Amino acid sequence: MDEPILTIEEREAINSGRWFSSLSPSLRHDILRCTYVKRFRDGTLIAARGDMAEEWIACARGAVRVSSTSLSGKQITLTYVEPGIWFGDIAILDGDQRTHDTYAHGETTIVCVARADFRKILTQHTELYEALLRLQARRIRQLFGLVEDLNTLPLRARLAKQLLHLARSYGVTSLANEGEIRIGLHLAQEELAQLLGASRQRVNQELKAMEREDAIRIELGGLVVREREALMRIAESAL
């Protein structure tokens, strides 16, 4: 279901992305001039592992779930791409296949740049080469940080860090209590556990412990961060 025009909120999400907003106005203009919009319903496959890369993509609304499949056939979620984040450039740059499956998580809007247009922009804006290097460097730093956390931090601290990240990326301030932040990305506990490399049972235990400490509140529709500072103390307690 394609519509050529972004909503005001979707366009703002793209323009305010940390990486994209750092580009020159002329480069941003030429990228957006080439984009086309795709909208997906929850759970719809966006791109499959093994596909040849035909598009450079940015999330404008919702989230893109990046997943892999284990040898036993179980689908494992690796990360969620939030609004304002660009992805899919690696497979275009090296000419190889997509490395993971991507699905819409919730009602999701993406903007796409065709491979031919992407390469044309590269020839017209040498600035984009350096910008892509910065983008890859940031991803590598994040990857090293995740590996370090997985090997050095207890689950409790890693869960607190993940909740803080989700609150920053998808947080909505509560109208009833300005100190509370509702996480707008709805994740089942199994999905949250996959992000942390842990079992759902252990994640459930830690969430209930944090709820008893008044750091969070577990609701039927998701999670609410009641006290951000309490989560920060938990995340830093093992450092």
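Quick caveat, the model's predicted, so the values are computed rather than measured. Starting from 1, each residue takes its place in the sequence as its number. Values below: every heavy atom of this structure, side chains too, minus hydrogens, waters and symmetry copies.
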Query raised in the report: Do other residues, nucleotides or ligands put more than 12 heavy atoms under 6.0 Å from the CZ atom of Arg28?
Result: yes
Query - Enclosure of Gln201 CD (heavy-atom neighbours >12, cutoff 6.0 Å) - result: yes
Where the side chain of [X] meets the backbone of [Y], is there a donor-acceptor pair that is under 3.5 Å apart?
| X | Y | answer |
| --- | --- | --- |
| Gln97 | Met52 | no |
| Asp51 | Ala48 | yes |
| Arg158 | Leu196 | yes |
| Thr44 | Phe40 | no |
| Arg119 | Ile92 | yes |
| Thr102 | Ala47 | yes |
| Arg98 | Ala53 | no |
| Glu82 | Tyr170 | no |

So does [X] pair up with [Y], basic N to acidic O under 4.0 Å?
| X | Y | value |
| --- | --- | --- |
| Lys120 | Asp117 | no |
| Glu9 | Arg11 | no |
| Glu236 | Lys161 | no |
| Glu211 | Arg226 | no |
| Asp89 | Arg139 | yes |
| Glu227 | Arg233 | yes |

Looking at [atom1] of [X] and [atom2] of [Y], how far apart are the two atoms once the value is rounded to the nearest 0.5 Å?
| X | Y | atom1 | atom2 | value |
| --- | --- | --- | --- | --- |
| Asn204 | Leu192 | CG | CG | 10.5 Å |
| His186 | Glu191 | NE2 | CD | 11.5 Å |
| Leu159 | Gln205 | CG | CD | 12.0 Å |
| Glu213 | Lys208 | CD | NZ | 14.5 Å |
| Ile46 | Tyr103 | CD1 | OH | 10.5 Å |

Give a yes-or-no answer on whether the side chains of [X] and [Y] include a donor-acceptor pair shorter than 3.5 Å.
| X | Y | value |
| --- | --- | --- |
| Glu127 | Ser24 | yes |
| Thr109 | Glu10 | yes |
| Arg39 | Thr108 | no |

Query raised in the report: Relative to the ring of Trp86, is the ring of Trp56 parallel (under 30°), tilted (30 to 60°) or perpendicular (over 60°)?
Result: tilted
Requested in this report: For residues His100 and Leu78, determine if any side-chain heavy atom of one lies less than 4.5 Å from a side-chain heavy atom of the other.
Outcome: yes
Query raised in the report: Taking a hydrophobic cluster as the set of Ile, Leu, Val, Met, Phe, Trp and Tyr residues connected by side-chain heavy atoms closer than 4.5 Å, whether directly or through intermediates, do Ile218 and Leu166 fall within one such cluster?
Result: yes
Query raised in the report: Under a single-linkage definition using a 4.5 Å side-chain heavy-atom cutoff for Ile, Leu, Val, Met, Phe, Trp and Tyr, are Leu133 and Leu135 assigned to the same hydrophobic cluster?
Result: no
Query raised in the report: Between Leu146, Ile140, Val147, which is the residue that forms a side-chain contact (heavy atoms from CB on, under 4.5 Å) with Phe144?
Result: Ile140
